[in-house]
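Step one of this worksheet: look at the structure below.
By convention in this document, chain letters (A, B, ...) are assigned in the order of the sequence lines, proteins followed by strands, and residues within each chain are numbered from 1.
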2 protein chains.
Amino acid sequence: MEQRRADAIAEELEELIFDGTFSDGDRLDEVRLAERFRVSRTPLREALQRLARSGLVELIPRRGAFVRQPGPVELMEMFEVMAEVEAVCGRLAAVRISDSALADLHDANQKCQAAVDCQNSETYYIENERFHKIIYKQSGNSFLETETGNLHRRLKPFRRQQLRLRGRMAQSMAEHRSILEALESGDPEAAAVALRGHVAIQGEKFHSLMVNLKKASA
Amino acid sequence: MEQRRADAIAEELEELIFDGTFSDGDRLDEVRLAERFRVSRTPLREALQRLARSGLVELIPRRGAFVRQPGPVELMEMFEVMAEVEAVCGRLAAVRISDSALADLHDANQKCQAAVDCQNSETYYIENERFHKIIYKQSGNSFLETETGNLHRRLKPFRRQQLRLRGRMAQSMAEHRSILEALESGDPEAAAVALRGHVAIQGEKFHSLMVNLKKASA
DNA sequence: GTCAATAATGCTGTATACAAGAATAGATTT
DNA sequence: AAATCTATTCTTGTATACAGCATTATTGAC
C-alpha cells in the first residue's frame with residue numbers, strides 16, 4: 001500500500017484536470033474528492049499538496065485548493081525557459097556525450113523518421129521524447145537532468161497538440177539533424193543554438209495555436 | 001493561524017538541519033518532532049513533505065523521513081546549473097532591462113563596494129543578493145525569476161562560507177562590474193558569459209573549500 | 001555457536017472526530 | 001429599499017485513534 005495512495009490520487013487528479021473535468025479556477029472540495037476516490041481527507045490533502053508543488057493547483061490557506069492552469073503568458077515563459085534549459089543541456093552534452101549515447105540518438109532519430117514516413121504521430125512523440133531525454137542525461141549533470149525532465153513533463157500536455165500542425169514533424173526532423181551534427185562535432189555553442197531554436201519554435205507554434213484558438217472562439 | 005503552522009515548522013526544521021542539529025542520514029521521527037513543536041503529527045507530516053519538495057529530506061514510504069544533505073558531487077552539479085541559469089537570466093535581461101533597474105544595479109553595486117571597504121561581509125551578502133535578484137527579475141520572465149530564486153535559496157547555506165575566503169569579495173566586485181557593463185551595452189552573450197563565470201567560480205571556490213576541509217580532517 | 005524464523009514492538013499511513021475560520025443568508029436598521 | 005451586522009452553516013486545519021508493515025529481538029534448531 002505504502003504512501004502510493006496519495007501519489008496515485010495525485011496522478012488521477014492530474015488526469016482529471018488535463019481532461020477538462022476540472023477547469024481553471026475551480027475549487028477542489030476535499031470532502032467530495034475524498035468520497036470520489038473512496039479515501040479519507042488525509043491522503044487527499046497530501047495529494048493536493050503534491051499537485052501544488054507541481055503548480056497545477058494553488059493552495060490558499062483556509063480557503064481551499066483551486067485549479068490553476070497556467071495562462072498563455074506563463075506558458076510562453078515556461079517554453080522560453082525550456083528552450084534555454086535544453087540549450088544548456090546541449091552545451092554541456094556537446095563536450096561530455098559518450099559514443100554509445102550518440103548511437104542511441106541516431107537510433108531514436110531514425111525511428112522518428114520512420115514514424116514521420118508512416119504518419120505515426122504517437123511513435124514520433126515517444127521517440128522524440130527519448131531523443132531529448134538522452135541529451136538531458138548526457139549533460140553529465142544529474143541534477144540538471146532531473147530538473148529539465150520535470151519541466152519537460154509539465155509542458156507535455158501543451159506540446160502534444162503541436163504535432164498536428166502541418167509539416168511540423170518534418171521541420172522538427174531537420175532540426176534534430178542539426179542538433180545531432182553539433183553534438184557529434186563537439187561544438188557546444190552550435191548545440192546550444194540548435195536546441196534553443198528547436199524548442200523555442202515549439203513555444204512560438206504554441207503561441208500561434210493560442211491566437212488561432214482565440215480567433216476561432218471570437 | 002492558517003496553514004502557516006506547517007510552513008513555520010518547515011522553516012524551523014530547515015534551520016535545525018542547517019545548524020547541524022540533524023545531520024545527513026538522520027531519521028526524523030514524526031512523533032518526537034511533533035512533541036518538540038507541540039503539534040500533532042498531521043501538520044508535521046505536511047511540513048516534512050514541504051521539505052521533501054525542496055530536497056532537504058527524503059521521504060521513503062513506510063520507512064520515514066531522512067535528512068538528505070546534498071553530497072559534494074550534487075552540490076557541484078547544482079552550482080553548475082546555477083551558473084547556467086544565471087547566465088540565461090543575464091542573456092534575457094541584456095535586451096529587456098529597464099533604465100531604473102540599471103540604476104538599482106548600480107546602487108546595489110555601490111553598496112557592495114562600501115561593504116567591502118568596511119569589511120562588512122553581512123551587508124555585502126545582502127546587497128549582493130539584491131544585485132542578483134534584480135537580474136533575475138529583469139529577465140522579463142517571472143517563471144524563470146521564481147525558479148532561479150528557488151535554486152539560489154537552496155544554495156544559500158553553501159555560498160555563504162565563501163565570503164570568508166581572502167580576496168573573494170574584491171574579485172567578486174570586479175566581476176559585478178563586467179556584468180553591469182554587458183547589461184548596459186545590451187550585449188546578451190557578454191552578459192551570459194560574465195554571469196556564468198561569476199557564479200561558476202563560486203562552485204569552484206566551494207570545491208576547493210571542500211578539498212581543504214578533507215585535507216584538514218585527514 | 002550461529003543462523004533463521006517467528007513474535008513483539010514501534011513506526012508510518014489512514015480514518016475519524018473536533019475546533020476554528022470564512023462565506024452566506026437573513027434580519028434589522030437607517 | 002439598501003446596507004450592515006449577526007448568526008448559521010460549510011469547509012478547512014488539527015488532533016487523536018486505529019491498522020498495517022517493517023524492524024528487531026528472542027528463541028529454537030542445526
| task | Using side-chain hydrogen bond (donor to acceptor under 3.5 Å, both in side chains) as the criterion, list what pairs up with B/Glu74, not counting sequence neighbours. | result | B/Arg68
| said: For DNA chain C, please output the secondary structure as dot-bracket, reading 5' to 3'. Pairs are Watson-Crick or G-U wobble, both atom distances under 3.5 Å; mark crossing pairs with [ ], other-strand partners with |, unpaired with a dot. | reply: ||||||||||||||||||||||||||||||
| remark: Between CG of A/Leu28 and C1' of D/dT11 the distance, given in whole Å, is 14 Å
| What is the distance from atom CZ of A/Arg36 to atom CG of A/Leu13, rounded to the nearest 0.5 Å? | 8.5 Å
| remark: The side-chain contact (heavy atoms from CB on, under 4.5 Å) partners of B/Gln110 (sequence neighbours excluded) come to none
Donor-acceptor pairs under 3.5 Å, side chain of residues 79-87 of chain B to any protein atom, not counting sequence neighbours: which ones?
residue, atom, partner, partner atom, Å
B/Glu80, OE1, A/Arg96, NH1, 3.2
B/Glu80, OE1, A/Asn141, ND2, 2.8
B/Glu80, OE2, A/Arg96, NH2, 2.6
B/Glu84, OE1, A/Arg91, NH1, 2.8
B/Glu84, OE1, B/Arg196, NE, 3.3
B/Glu84, OE2, A/Arg91, NH1, 3.1
B/Glu86, OE1, B/His132, ND1, 2.8
B/Glu86, OE2, B/Tyr136, OH, 2.6

Distances under 3.5 Å between nitrogen or oxygen atoms of protein and nucleotides 6-9 of chain D:
none

| Results of side-chain hydrogen bond (donor to acceptor under 3.5 Å, both in side chains) for A/Glu35 - residues two or more places apart only | none
| query | Between atom CD1 in A/Ile60 and atom P in C/dA22, what is the gap in whole Å? | reply | 12 Å
| task | Using side-chain hydrogen bond (donor to acceptor under 3.5 Å, both in side chains) as the criterion, list what pairs up with A/Glu14, not counting sequence neighbours. | result | A/Arg153
| task | Could you list the residues that satisfy side-chain hydrogen bond (donor to acceptor under 3.5 Å, both in side chains) with B/Asp104, not counting sequence neighbours? | result | none
| request: Would you mind reading off the distance between A/Leu59 atom CG and D/dG13 atom C1', rounded to a whole angstrom? | output: 12 Å
| remark: Atom CD of A/Glu35 and atom P of D/dC10 are separated, to the nearest Å, by 14 Å
| task | Report which part of the nucleic acid B/Leu44 touches: base, sugar-phosphate, or nothing (heavy-atom distance under 4.0 Å, all strands). | result | nothing
| message | If I take atom CD in residue B/Glu46 and atom P in nucleotide C/dG13, what distance separates them, rounded to the nearest angstrom? | response | 14 Å
| remark: A/Ala114 meets the side-chain contact (heavy atoms from CB on, under 4.5 Å) criterion, sequence neighbours left out, with none
| task | Nearest 0.5 Å please: distance from the CD1 atom of B/Ile97 over to the CD1 atom of B/Ile135. | result | 7.0 Å
| query | Between C/dG21 and A/Arg63, is there an OP1 or OP2 to side-chain N/O distance shorter than 4.0 Å? | reply | no
| field | B/Asp99: side-chain contact (heavy atoms from CB on, under 4.5 Å) partners, not counting sequence neighbours | value | B/Leu102
Could I get a table of every N or O pair under 3.5 Å where one atom is in the protein and the other is in nucleotides 15-19 of chain C?
residue, atom, partner, partner atom, Å
C/dA15, OP2, A/Ser40, N, 2.7
C/dA15, OP2, A/Ser40, OG, 3.1
C/dA15, N7, A/Thr42, OG1, 3.0
C/dT16, O4, A/Thr42, OG1, 3.4

| query | What residue pairs, at least two apart or across chains, pass ring-ring contact (aromatic ring centres under 6.0 Å, His included) with a residue in residues 27-77 of chain B? | reply | none
| message | Taking any heavy-atom pair under 4.0 Å as a contact, classify B/Arg27: base, sugar-phosphate, or nothing. | response | sugar-phosphate
| So, is A/Arg45 close to the D/dT14 phosphate, meaning a side-chain N or O under 4.0 Å from OP1 or OP2? | no
